[in-house]
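The structure appears right after this line, and notes come after that.
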Amino acid sequence: MIIEQKQNLSFDELDELVRPAPEVVEFEEVAHRMVSRRGFLSGGAAVGASAFVMGSTTLAAGNALAAAETAESRLAFSMVKANTLDTVTVPEGYKWEVVASWGDPLFSNAPAFDPMTGGTGASQELAFGDHNDGMAFFAKDGKQIMAINNEYTNEKTLHANRADGMPINADDVRKNKAAHGVSIIEVDQRGGKWGIVQDSPYNRRITADTEMDITGPARGHKWMQTSADPKGVVAKGTWNNCGNGQTPWGTYLTCEENFNGYFSASDANYTMSDDFKRYGVSTKGRYDWALGDERFDLVKEPNEPNRFGYVVEIDPLDPTSRPKKRTALGRFKHENAELAIAGNGHVVVYLGDDERGEFLYRFVSKHKYLAGGNNRDLLEEGTLYVAKFHDNNRGEWLALTPKTTGMTEAEIAIHTRMAASKVGATTMDRPEWVASHPHKVEVYCALTNNKNRGVKPNAGGDETPAVGPNPRVKNDFGQIVRWMPMNEDHTSAEFKWDLFVLAGNPAVYTDANAGSKNINQDNMFNSPDGLKFDSKGLLWIQTDGNYSNQGGFEGQGNNQMLVGDPETGEIRRFLVGPKECEITGLAWNTNKTTMFISVQHPGEKGNSHWPQGGQAVPRSSVIAISREDGAVIG
Ligand code: FEO
Ligand code: CA
Ligand code: CA
């Protein structure tokens with residue numbers, strides 16, 4: 001019973017349950033003062049909020065927004081209205097189709113998807129994983145290959161062979177582990193429809209059991225050593241792969257997010273260390289993988305959790321290659337990995353840690369990118385920085401080094417959160433995807449929401465006052481922050497920042513929860529999560545938020561995808577997903593006539609039959625969106 005309740009929890013709720021943050025904090029007063037001073041609560045709240053957003057920074061998007069009302073919009077489609085339908089809605093002149101769904105076999109010798117049982121461990125190892133999320137598109141020798149994250153699972157459909165949807169034996173655990181990880185598939189259009197090319201030599205599943213090399217500062221450290229890997233150099237698997245990244249040298253980056261929820265302890269008296277507490281490891285995980293694999297039992301394999309929470313680099317164009325865990329990019333609940341090549345040639349990777357009050361990071365490679373050169377190990381060595389935002393729309397990157405933290409390089413790589421706390425980083429409202437502008441040195445990050453903002457500190461005890469880019473107490477709606485590195489240099493130590501949007505609901509609220517000036521009753525949304533720029537410099541915004549349509553969320557419909565124009569601040573809704581899903585992940589084919597996105601966990605509470613309809617089980621799926629006239633879409 002306890003386990004069943006636990007599995008109904010989201011990762012987010014599980015963290016709330018196990019996190020050790022103290023409850024008693026008097027931030028509300030401080031936050032109230034800050035907000036008042038900013039003008040949120042004086043002289044017309046909604047106006048006040050937008051005055052703050054557009055603020056005293058150089059971008060002056062507020063003025064641009066006004067200008068846009070007379071100029072022609074770059075968002076050339078008619079806005080989709082919010083809805084709660086159990087289908088995908090796109091603008092007139094656009095169409096969508098399913099490319100791949102959970103359980104689709106990648107090989108002709110694998111059994112067809114079985115909705116009655118959800119398949120077996122063996123069938124799932126040969127099939128498309130569950131809960132598809134971040135993705136990237138690759139082309140080689142006329143072949144089109146996609147790498148797609150499979151973040152976690154819908155137990156009720158995956159374990160439909162069990163009355164209560166719970167894994168009860170080792171094969172159930174094998175199936176659950178195989179539904180996680182990454183699916184690499186060749187795709188093409190046959191009869192005008194996108195689909196998986198079965199038996200392609202590129203087709204490959206990377207799961208929670210795939211061997212991969214540990215590289216970077218944590219390689220071989222005593223905290224990485226286990227009985228199966230006494231040297232601490234080879235990890236088994238990757239899971240909870242959320243957002244992604246793509247490198248100019250042709251590899252895929254998959255990001256391990258809520259890695260903690262898979263461990264448990266067989267001894268009720270197990271004493272949790274402070275560092276495990278900081279990462280939300282608990283004696284009762286959301287999944288009971290220890291049921292089929294002892295390394296998930298903290299009592300038997302106490303270092304196993306230290307080997308997860310990294311960014312993993314995969315070469316999808318070489319099916320025999322071993323994935324590499326890039327520990328230099330730090331260990332936390334990685335959302336995505338947005339890569340930019342700085343003017344001076346260093347590789348910069350922006351990284352968010354998606355947990356309430358955790359931090360935003362930047363990695364700068366030690367060595368430089370050389371077009372056409374050997375760049376394959378650039379992510380192995382470098383310096384990690386964490387963001388500190390000042391209230392005057394300025395900010396700085398604080399280096400995490402032995403000198404600044406008193407920790408060794410390996411310790412910084414493994415206990416990155418503690419290192420960032422030591423240097424006084426800014427606690428953020430759950431940093432999700434980061435997106436770097438393709439034509440400007442300007443970077444955006446979705447801060448999805450944070451009900452603890454101004455209420456209690458993060459799990460490390462760092463305060464969370466409602467100031468700077470996180471200005472709202474008990475932030476329900478989220479915002480998108482952007483920063484402009486000084487001297488247009490991604491490796492610069494300083495930046496300017498402002499907020500591109502404060503999401504909100506102007507139909508319900510007149511205070512700061514109404515959102516910023518570029519939010520109205522037609523385009524409103526909550527909880528921005530996925531972010532990606534297209535080739536024209538338009539920002540695609542995907543949501544993973546509250547779809548209850550009740551209270552403060554009334555009228556906001558299902559989760560959705562919108563497009564924002566960074567120049568004008570204009571935001572227009574492009575797509576609404578089916579019931580109880582999130583919209584995430586984004587990639588284009590080479591000629592940009594097709595956009596691929598993830599529809600993840602439709603019917604997560606049991607109320608969807610998407611995509612098949614009727615009484616079919618809901619299935620997470622990648623969809624392809626294109627224009628009916630075949631023109632470019634991004
Ligand atoms: Fe998997 Fe933070 O979203
Ligand atoms: Ca996400
Ligand atoms: Ca999310």
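Note that ligands are numbered from 1 as they come in the structure, with each ligand's atoms numbered from 1 the same way.
- Under a cutoff of 6.0 Å and an axis angle of 45°, Arg362 and Tyr385 form a cation-pi pair.
- In the model, Glu604 has no side-chain atom that pairs as donor or acceptor with a side-chain atom of Asn154 under 3.5 Å.
- Within the protein, the number of N/O/S atoms found under 2.8 Å from atom 1 (Fe) of ligand 1 is 3.
- Donor-acceptor pairing under 3.5 Å is lacking for the side chains of Thr157 and Arg619.
- Using a 4.0 Å cut-off between charged nitrogen and carboxylate oxygen, Glu358 and Arg417 count as a salt-bridge pair.
- Relative ring orientation between Trp483 and Tyr350 is described as perpendicular, the plane-to-plane angle rising above 60° on a 0-90° scale split at 30° and 60°.
- Side chain of Asp534 to main chain of Leu538: a donor-acceptor pair is present (N/O by atom type, distance under 3.5 Å, no hydrogens or angles).
- If you look at the Ca ion (ligand 3), the protein N, O or S atoms less than 3.0 Å from it are Glu432 OE2, Asp529 OD2, Asp544 OD2.
- Applying the ring-ring contact (aromatic ring centres under 6.0 Å, His included) criterion to His601, with sequence neighbours excluded, gives His131.
- A search for salt bridge (Lys or Arg N to Asp or Glu O under 4.0 Å) contacts involving Asp293 returns Lys177, Arg295, not counting sequence neighbours.
- For Arg573 and Phe525, the positive end is not near the middle of the six-membered ring at less than 6.0 Å and at most 45° from its axis.
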